[in-house]
Amino acid sequence: MNNFIFHSPTKFVFGKDTEKEVGQLLKSYKAKKVLIHYGTGSIKRSGLFDRVVDSIEEANIEYVELGGVVPNPRDTLVYEGIDLCKKENVDFVLAVGGGSAIDSAKAIAAGAKYDGDFWDFYDHKAEMKDALKIGVILTIPAAGSEGSASAVITKTDGMLKRGFYSQFYRPQFSIINPELTYTLPTYQTSAGIVDMMGHIFERYLTKSDNTLFVDRLAEGTLVSIIEAGKKLMEEPTNYDARSVICWAGTIAHNGFFGVGRVEDWASHRLEHELSALYDVTHGAGLAVMYPAYMKYTIDEDIERYKRFAIKVFGVQEEGKSDKDIALEGIEKLEEFYKEIAMPTRFEGIHAKKEDINKLVEKLKENVGKTFGHFKELTMEDAKKIYELACS
Ligand code: NZQ
Ligand code: ZN
């Protein structure tokens, strides 16, 4: 196990009706004027927005609102939010929604405390030294942004989708009420499941030594997500299954599974190019990339993939070679994706083989010559993985 610092200071408030506590929570952080930032309307349709406003008003806190965050959030709305925060002297940004609203809120919080262009951070031209405080009411378990230190934004000019990591991006608090996720379309529930599993894979696939303790925690969490995910396909309002998915999705990406090891992130890099080019849902793009990435890197560490097959999918060992067991694990993963109605090939997300060169060019612009740590990949490797994802 490598040396590590694990600092996840977010206060998680979990359970039924917890969104009603938002006013008091904001008060405890001395918020005076809050920006309520949200997506394209689901929180208004469900009545959540009204409950949030009631709680904020009861706590005598002022607020302004900015909706309209689209999935794969854009820089254009971030600029609007920054101007609004500066004009209105906002001191706290509250995201109500999923990864897109939260990431947009994080970028606004950083930009409001910076005199230059917030994209400087994403261009690695400036160091983040401050940000407004951020709070979250989560409505979709997926991206893990409610506990993570990162935010992914797409620059509309050139459609560059980039992530930025900073401790200033850790929310002060995140309210997680599993009941708020009952209204999710199945596609979004499933894409969220793929995403949170992916956040575990990015840490599980490591070359670091002596990682068994956290590997076992990761395997147990994956088993629980799969079990709860299957349950939700039949019973979308099963509170216990929603709870598992909500909490697993949060710890999958708050750094818990990354301690003591070098993380990978190659599949996420590959996927971000898909969501940038086709505006595809991130989790659906990942369901296409993981089987291809795993098949491509299987020989890097057959033992690890074999362990994954046995511990997560219960693959039987008898009479099989190590590689066959490992491959069966990847097949089982693919079967699970299909079971929760996720695409597993390019055509399922309307991606085109003819675009592979374009995807690789953009990838190079974003990551440089190589990427990934489980296997250091070149642009030639990226091309082959995208090709595998077509067939
Ligand atoms: O626009 P609204 O009304 O919010 O509708 C959303 C959106 O259409 C809808 N939705 C959310 N909660 C709902 C609901 N519909 C009905 N009932 C509810 N309770 O679902 C759709 C997807 O929402 P979005 O916020 O885009 O989903 P997600 O949480 O998957 O976020 C995806 C974004 O997060 C980034 C992705 O790249 C993508 O841009 N990621 C962020 C990370 C981070 N900050 O740490 C890490 C991830 O790997 C990921 O890259
Ligand atoms: Zn992700």
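Whatever order the structure lists them in is the order used to number ligands and atoms, beginning at 1.
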Could you name the option among [options] that has the heavy atom nearest to [atom]?
atom: atom 47 (C) of ligand 1; options: Q188, H199, H253; answer: H199
atom: atom 23 (O) of ligand 1; options: I140, L184, D279, V152; answer: I140
atom: atom 8 (O) of ligand 1; options: S46, P71, G68, S267; answer: P71

Among protein heavy atoms, which lies nearest [atom], and at what distance?
atom: atom 34 (O) of ligand 1; answer: A143 CB, 3.6 Å
atom: atom 50 (O) of ligand 1; answer: H272 NE2, 3.0 Å
atom: atom 6 (C) of ligand 1; answer: S42 OG, 4.5 Å
atom: atom 30 (O) of ligand 1; answer: A142 CB, 3.5 Å

Which atoms of ligand 1 sit under 4.0 Å from any heavy atom of [X]?
X: S100; result: 24 (P), 25 (O), 26 (O), 31 (O), 32 (C), 33 (C)
X: K161; result: 36 (C), 37 (O), 38 (C), 39 (O)
X: N72; result: 38 (C), 39 (O)
X: T139; result: 11 (C), 12 (N), 13 (C), 18 (C), 19 (N)
X: G41; result: 3 (O)
X: P73; result: 39 (O)
X: T183; result: 16 (C), 17 (N), 18 (C), 19 (N)
X: H268; result: 48 (O)

Check whether any heavy atom of [X] sits under 4.0 Å from an atom of ligand 1.
X: G97; result: no
X: S275; result: no
X: G283; result: no
X: G144; result: no

Review point. Between H272 and H282, what is the ring plane arrangement, given parallel below 30°, perpendicular above 60°, and tilted in between?
Key: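 If you compare the ring of H272 with that of H282, the planes turn out tilted.
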Practice item. Specify whether F14 and W247 have parallel, tilted or perpendicular ring planes, treating 30° as the upper limit for parallel and 60° as the lower limit for perpendicular. Key: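 F14 vs W247 ring planes: perpendicular.
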Applying a 4.0 Å heavy-atom criterion (strictly less than), which segment of [X] is in contact with ligand 1: side chain, backbone, both, or neither?
X: L180; value: backbone
X: D103; value: side chain
X: A151; value: backbone
X: S148; value: side chain

Exercise for review: Calculate, to the nearest 0.5 Å, the distance between atoms CD and CD belonging to E361 and E273 respectively.
Suggested key: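 Between atom CD of E361 and atom CD of E273 there are 11.0 Å.
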Review point. Any luck finding a side-chain donor-acceptor pair between D355 and Y278 under 3.5 Å?
Key: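 There is such a pair (donor and acceptor under 3.5 Å, judged by atom type) between the side chains of D355 and Y278.
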Check your understanding: Given atoms NE2 of H199 and NE2 of H268, what angle do they subtend at the Zn ion (ligand 2), to the nearest 10 degrees?
Key ->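 Rounding to the nearest 10 degrees gives 90°.
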Any N or O on [X] sitting closer than 3.5 Å to an N or O of ligand 1?
X: T181; result: no
X: W265; result: no
X: G99; result: yes
X: P185; result: no
X: R45; result: no

Are [X] and [Y] within salt-bridge range, i.e. N to O under 4.0 Å?
X: R74; Y: D279; result: yes
X: K155; Y: D157; result: no
X: D91; Y: K30; result: no
X: K323; Y: E328; result: no
X: E331; Y: K295; result: no
X: K113; Y: D130; result: yes
X: K353; Y: E347; result: no

Practice item. Show your working on side chain to side chain donor-acceptor pair (under 3.5 Å) between T206 and H373 and close with a plain yes or no. Key: CA-CA 7 Å; T206 185; H373 295 282; over 6 Å; no
Review point. Below 6.0 angstrom between ring centroids: does that apply to Y79 and F118?
Key: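 Yes, the ring centres sit under 6.0 Å apart.
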Check your understanding: Does the ring centre of F313 sit less than 6.0 Å away from the ring centre of F308?
Key ->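 F308 vs F313: aromatic centres under 6.0 Å.
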Review point. Checking only N/O/S atoms, does H282 have one that is under 2.8 Å from the Zn ion (ligand 2)?
Key: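 Yes, since at least one N, O or S atom of H282 sits under 2.8 Å from the Zn ion (ligand 2).
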Check your understanding: Is it true that some N/O/S atom of D195, main chain or side chain, lies under 2.8 Å from the Zn ion (ligand 2)?
Key ->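 For D195, the answer is yes, given that an N, O or S atom comes within less than 2.8 Å of the Zn ion (ligand 2).
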Practice item. Please confirm whether the backbone N or O of K20 pairs with a side-chain atom of S55, one donor and one acceptor, at under 3.5 Å? Key: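 Yes, S55 side chain to K20 backbone: donor-acceptor pair under 3.5 Å.
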Check your understanding: Counting distance only, does the side-chain N/O of T281 pair as donor-acceptor with the main-chain N or O of A284 below 3.5 Å?
Key ->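 No: the side chain of T281 does not pair with the backbone of A284.
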Review point. Do other residues, nucleotides or ligands put more than 12 heavy atoms under 6.0 Å from E300 CD?
Key: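 It does: E300 CD has more than 12 such atoms within range.
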Check your understanding: Looking at R261, R304, E219, E263, which one forms a side-chain hydrogen bond (donor to acceptor under 3.5 Å, both in side chains) with Y204?
Key ->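 It is E219, the one option of R261, R304, E219, E263 that forms the side-chain hydrogen bond (donor to acceptor under 3.5 Å, both in side chains) with Y204.
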Review point. Is atom 32 (C) of ligand 1 less than 4.0 angstrom from some protein heavy atom?
Key: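 Yes.
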